[in-house]
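A quick write-up on the structure given underneath.
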Protein chains: 2
Amino acid sequence: MDIKKEFGKRLNQLRKDRKMSQEKLAELSELNRPYISAIEQGKRNVSLEVISKLAQALDIEIKQFFEA
Amino acid sequence: MDIKKEFGKRLNQLRKDRKMSQEKLAELSELNRPYISAIEQGKRNVSLEVISKLAQALDIEIKQFFEA
DNA sequence: TTGTAGACTGCCGTCGACA
DNA sequence: ATGTCGACGGCAGTCTACA
């Protein structure tokens, strides 16, 4: 499957596991909410720095985005 | 350390482990050589699709970029 | 073989607004 | 709480060329 869609699904999963809203994730990651929405739908080709910010916000290591 | 620098160092390490030139890596990943050079020096904020291409070229999984 | 420069196109990431 | 739109500035990624 497309890497963007995979990443988006994983992000959505990790966020929901934490019962966190897109709004809250946007705040913690210092990104904006519509952008988080698009990422979770696999519409955006996010950069390393965005991946890093999201990992920090979710309190995980980057590699966890790419593990089952 | 800065995530871009970390990624660059790791890419350089993985490439050299395989005794591969930047030129060859550029060819396999369908990127261009000057760009590979900049990435390895931590100057570029690469995207998910580029990370994916580099992983394929090196025949590794993406998570290996983010493991020690 | 690698680093660097300049110029270019397209898209990332932002923001306000509406459903 | 989430999806979507439109407009925008800045930078990702390309290419040629030279050290």
Side-chain angles (χ1 to χ4, degrees):
Chain A
M1 186 176 54
D2 169 39
I3 182 64
K4 292 182 292 186
K5 284 218 167 69
E6 280 184 47
F7 185 83
K9 276 194 182 178
R10 187 81 181 113
L11 177 61
N12 181 270
Q13 179 187 4
L14 289 163
R15 178 176 63 81
K16 287 187 172 163
D17 284 350
R18 286 157 181 73
K19 303 186 197 300
M20 189 185 296
S21 67
Q22 289 183 353
E23 176 74 33
K24 183 64 179 174
L25 178 56
E27 177 193 334
L28 292 176
S29 58
E30 299 179 300
L31 296 167
N32 58 85
R33 199 206 29 95
Y35 189 47
I36 301 282
S37 171
I39 295 170
E40 289 192 356
Q41 293 170 76
K43 293 181 175 174
R44 292 295 198 139
N45 183 25
V46 297
S47 76
L48 203 46
E49 293 196 334
V50 164
I51 294 171
S52 177
K53 283 182 175 181
L54 290 171
Q56 278 194 315
L58 292 169
D59 195 29
I60 62 173
E61 296 184 33
I62 292 180
K63 67 174 178 183
Q64 293 183 252
F65 279 125
F66 306 102
E67 289 168 342
Chain B
M1 187 176 52
D2 169 41
I3 183 65
K4 291 182 293 186
K5 285 218 167 70
E6 278 183 48
F7 185 83
K9 277 193 180 178
R10 186 82 181 114
L11 177 62
N12 180 270
Q13 179 188 2
L14 289 163
R15 179 176 62 80
K16 287 187 173 163
D17 284 350
R18 286 156 181 74
K19 302 187 198 300
M20 189 185 297
S21 67
Q22 289 183 353
E23 176 73 34
K24 185 64 180 172
L25 177 56
E27 177 193 335
L28 293 176
S29 58
E30 299 179 298
L31 296 167
N32 58 86
R33 202 211 22 98
Y35 190 47
I36 301 282
S37 172
I39 294 171
E40 289 192 355
Q41 293 169 76
K43 293 180 176 175
R44 292 295 197 138
N45 184 26
V46 296
S47 76
L48 204 47
E49 292 196 335
V50 164
I51 294 171
S52 178
K53 283 183 175 181
L54 290 171
Q56 278 193 315
L58 292 169
D59 195 29
I60 62 175
E61 297 183 33
I62 291 181
K63 67 174 179 183
Q64 291 183 254
F65 278 127
F66 306 103
E67 289 168 342

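Below, chain A is the first sequence line, B the second, and so on; all start at residue 1. Treat the numbers as computed from the prediction; the structure is a model and nothing was measured.
We find that CD1 of B:Ile39 is positioned 14 Å from P of C:dT4, with the value rounded to whole Å. Rounding to whole angstrom units, NZ of residue A:Lys24 and P of D:dT2 are separated by 14 Å. Atom P of nucleotide D:dG13 and atom CD1 of B:Ile36 are separated by 11 Å, given to the nearest angstrom. A:Leu25 has its CG atom 12 Å from the P atom of D:dG3, to the nearest Å. One interatomic measurement links the two molecules: CG of A:Leu11 to C1' of D:dG3, which rounds to 15 Å at whole-angstrom precision. Rounded to whole Å, the distance from CD on B:Glu27 to C1' on D:dC15 is 17 Å. Between B:Arg44 atom CZ and D:dC15 atom C1' the separation is 12 Å, expressed in whole Å. Taking atom CG on A:Asn12 and atom C1' on D:dA1, their separation rounds to 13 Å, with Å as the unit.
A close approach under 4.0 Å does not occur between any side-chain nitrogen or oxygen of A:Gln41 and OP1 or OP2 of D:dT2. Considering only side-chain N and O atoms, B:Arg15 lies under 4.0 angstrom from the phosphate OP1 or OP2 of C:dT2. Between C:dT4 and B:Lys43, a contact under 4.0 Å exists linking OP1 or OP2 to a side-chain N or O. Considering only side-chain N and O atoms, A:Ser37 lies nowhere under 4.0 angstrom from the phosphate OP1 or OP2 of D:dT4. Between D:dT14 and B:Asn32, a contact under 4.0 Å exists linking OP1 or OP2 to a side-chain N or O.
Closest to the side chain of A:Gln22, out of D:dC5, D:dC15, D:dT2, is D:dT2. With C:dC12, D:dA12, C:dA17 as the candidates, the nucleotide lying closest to the side chain of B:Tyr35 is D:dA12. Listed nucleotides: C:dG13, D:dG13, C:dA5. Nearest to the side chain of A:Val50: C:dG13.
Defined by atom type and a distance below 3.5 Å, a donor-acceptor pair is present between the side-chain atoms of A:Ser37 and A:Gln41.
Heavy-atom nearest nucleotides on DNA chain D were determined for A:Pro34 and for B:Ser47, and the one closer to the 5' end corresponds to A:Pro34. For the pair B:Asn45 and B:Glu23, nearest-nucleotide mapping onto DNA chain C gives the more 5' position to B:Glu23.
The only option from A:Leu58, A:Leu25, A:Leu54 that meets the side chain to side chain contact (heavy atoms under 4.5 Å, CB included) definition with A:Leu14 turns out to be A:Leu58.
Contact annotation: side chain of A:Arg33 to base of C:dG16, donor-acceptor pair absent below 3.5 Å.
Here B:Glu49 lies out of heavy-atom contact (under 4.0 Å) with every strand.
Annotation: side chain of A:Lys24 is not in contact with side chain of A:Ile36 (no heavy-atom distance under 4.5 Å). Side-chain contact between A:Glu61 and B:Phe66 is absent, with no heavy atoms from C-beta onward closer than 4.5 Å.
The pair A:Glu6-A:Lys9 fails the salt-bridge criterion, with no side-chain N (NZ, NE, NH1 or NH2) lying under 4.0 Å from an Asp/Glu carboxylate O.
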